[in-house]
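The figures here come from the full heavy-atom set of this structure, side chains too, leaving out hydrogens, waters and symmetry mates.
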Amino acid sequence: MSAPTLQRRLGLVQATALNMIDMVGIGPFVTLPLVMGFMGPNFLLAWLVGAALASVDGLIWSELGAAYPEAGGSYRFLKLAYGEQKWGRYMSFLYVWQTLIQSPLVLASGAIGFAQYFGYLVPMTEWWQPKAVAGGVVLLLIVLLYRRIEDIGKLGVALWVGVLSLMGWLIFGGLTHPNHHVDIFPAGGFPALPGLLISVAMGQAAVKTIYSYLGYYNVCHLGAEIKGPEKVIPRSIFLSILGIAALYLLLNWSVGTVIPWQEVQGWQASAGDKSQFIVSVFVERLYGPAAATVATGMVLLVAFASLFAVLLGYSRIPYAAAADGEFLPVFGKLHPTKQFPYVSLLLLGGVGFVFSLLFRLGEVISAILAMRILVQFVGQAVGLVLLRRRRGTAALPFKMPLYPLPVVLAIIVWLFVFVGIAPVEVTWGGVHFKLYFQLAALGMMGLGTVAFLLWSRRLGRWPFVR
């Protein structure tokens, strides 16, 4: 009897739906007021910057995903780009190592945000109540994902319809009830634009908007389960980015015309900060408390749908590495009848459950970006250049336009975002200090390097060739 294998059963609609529900999670609803607080009247500009970076980086993902449509996404890209026997093993191992932490962090961020919005419906006065809600969300996700991939594709499309319905309702509300003027470009005109783009405020706002766009590449993690991946992967990536960018800009414009940025900043300066429920307040102001309750329920549905796609995609990464002989073999097991990587799903979901009980939302968002940028985004961009030089471009199903300009821009902007991640004040054991997430990310890379060396020595592989 042959071993179970992943099946190519997801088409363009399912791939695009899974990308978009990954992107539109709780992120835009919890980051919207934060961006208004940082940027004031120029808050829409930050969302354009996020869309621009996603588009440029999407070209890199599209070229790699179409050429190498395999399970694991960045794991395979990094290994091929830097050499399968030497540095590629190291870079791909680092990525999987970080995935064991960063993917549960992503899961925890959505679950914590879910619990935060749930507090609008059911006030939670005890410290453990939001943690119980967040943890329960993660457990339910594991149960729903414990099934065949074609069933998940159908469920993903249904959740996608819920996402579009909510966004359409919110946008319609703003379009039909505008009370305040909103500009996309800065009040000082175009001469003020360069300074604003490199300002500290833009750096902080960009961290939040980029977090809300992440997920356009989810289809690459499912590369081995996509039908016609040479065309479907690039198309689904750009359909997702363009669709979500339009929805985000319209959503922010709609909210801003009803609740001005000055009011949001006033909330944030007060003790009872209502900005964390800004969408609920927006709907309540337009249609009343009953409609606000319905809208909050739909926000929770969208957040849940996003986490569904996140855990689905990331569970394939340790599986791909283990199946390749480059990670712990237990992660390479597929369910004997349902044919999905159940060990990887259960472990990542379990760690996400623990993280959802331990951390706060702002800390998790910063940690996610800091940990991803150097190895995954910058490393992958450099890797694309290496692959083109070594293998040429004749066989590429998708070639990015204006190469190498998109690659250079992506690297510069990702490094700008990395530097712009602000530290947080931490008190631990009576000691007060600032936690710099950049240093934490470098520390995780150091631990991953040690783990890689120990693993390679055990296997007798480079750099310990027997």
Exercise for the section: Looking only at non-hydrogen atoms, find the nearest pair between Pro69 and Pro229 and report the distance. Expected result: CB-CB, 3.3 Å
Practice task
Decide whether His177 and Asn179 meet the rule of one side-chain donor and one side-chain acceptor closer than 3.5 Å.
Solution key: no
Exercise for the section: Could you list the residues that satisfy side-chain hydrogen bond (donor to acceptor under 3.5 Å, both in side chains) with Tyr75, not counting sequence neighbours? Expected result: Asp324
Exercise for the section: Would you indicate whether the side-chain heavy atoms of His180 and Trp261 approach each other to under 4.5 Å? Expected result: no
Problem - Student check: side-chain heavy atoms of Gln376 and Met371 closer than 4.5 Å - result: no
Handout entry: Shortest non-hydrogen contact between Trp47 and Asn252, atoms and distance
Key = NE1-OD1, 3.0 Å
Completion exercise
side-chain hydrogen bond (donor to acceptor under 3.5 Å, both in side chains) filter on Glu425, not counting sequence neighbours, yields His432
Handout entry: Residues forming a side-chain hydrogen bond (donor to acceptor under 3.5 Å, both in side chains) with Gln276, sequence neighbours excluded
Key = none
Handout entry: Met124 versus Ala115, closest heavy-atom pair with distance
Key = CE-O, 3.1 Å
Problem - Asp57 side chain reached by Trp414 side chain, heavy atoms, under 4.5 Å - result: yes
Problem - Pair Thr209-Tyr248, side-chain donor/acceptor within less than 3.5 Å - result: no
Practice task
For Ser236 and Ile233, indicate whether the former's side chain and the latter's backbone hold a donor-acceptor pair under 3.5 Å.
Solution key: yes
Fill in the blank from the handout: Sequence neighbours excluded, the answer for ring-ring contact (aromatic ring centres under 6.0 Å, His included) partners of Trp87 is Tyr90, Trp462
Problem - Minimum-distance pair of heavy atoms, taken over all atoms of Ser275 and Val264 - result: CB-CG1, 4.2 Å
Exercise for the section: Say whether, by atom type as modelled, one donor and one acceptor occur between the side chain of Thr296 and the main chain of Ser280 under 3.5 angstrom. Expected result: no
Handout entry: Beyond-backbone contact of Met400 with Leu384, side-chain heavy atoms, under 4.5 angstrom
Key = yes
Practice task
Might you confirm whether atom NZ of Lys399 has over 12 heavy atoms from other residues, nucleotides or ligands at distances under 6.0 Å?
Solution key: yes
Problem - Crowding at OH, Tyr287 (>12 non-hydrogen neighbours, <6.0 Å) - result: yes
Handout entry: Beyond-backbone contact of Val382 with Ile411, side-chain heavy atoms, under 4.5 angstrom
Key = yes
Practice task
Evaluate the side-chain proximity of Arg316 to Glu225: yes if any heavy-atom separation is below 4.5 Å, no if none is.
Solution key: yes
Exercise for the section: Measure from the side-chain N and O atoms of Ser109 to the backbone N and O of Val106, and report whether any donor-acceptor pair falls under 3.5 Å. Expected result: yes
Problem - Donor-acceptor pair, side chain of Gln14 and main chain of Gly11, under 3.5 angstrom - result: yes
Exercise for the section: Taking the side chain as every heavy atom from C-beta outward, state whether Leu387 and Tyr68 have any atom pair closer than 4.5 Å. Expected result: yes
Practice task
Report yes if some heavy atom in the side chain of Leu251 is under 4.5 Å from a heavy atom in the side chain of Val255; otherwise report no.
Solution key: yes
Handout entry: Partners passing ring-ring contact (aromatic ring centres under 6.0 Å, His included) against Phe355 (at least two apart in sequence or in another chain)
Key = Phe359
Fill in the blank from the handout: Distance col, row Leu250:CG vs Leu170:CG, nearest 0.5 angstrom, shows 11.5 Å
Handout entry: Closest contact, heavy atoms only, Pro318 versus Thr99
Key = CD-CG2, 4.5 Å
Practice task
Describe, in one word, how the ring planes of Tyr217 and Trp61 are oriented to each other, choosing from parallel (under 30°), tilted (30 to 60°) and perpendicular (over 60°).
Solution key: parallel
Practice task
Quick one: sort the Tyr314 and His221 rings into parallel, tilted or perpendicular, breaks at 30° and 60°.
Solution key: tilted
Completion exercise
Applying side chain to side chain contact (heavy atoms under 4.5 Å, CB included) to Val385 and not counting sequence neighbours gives Arg389, Tyr403, Val407
Exercise for the section: Please report the closest heavy-atom contact between Met23 and Ser240, naming both atoms and the distance. Expected result: SD-CB, 3.8 Å
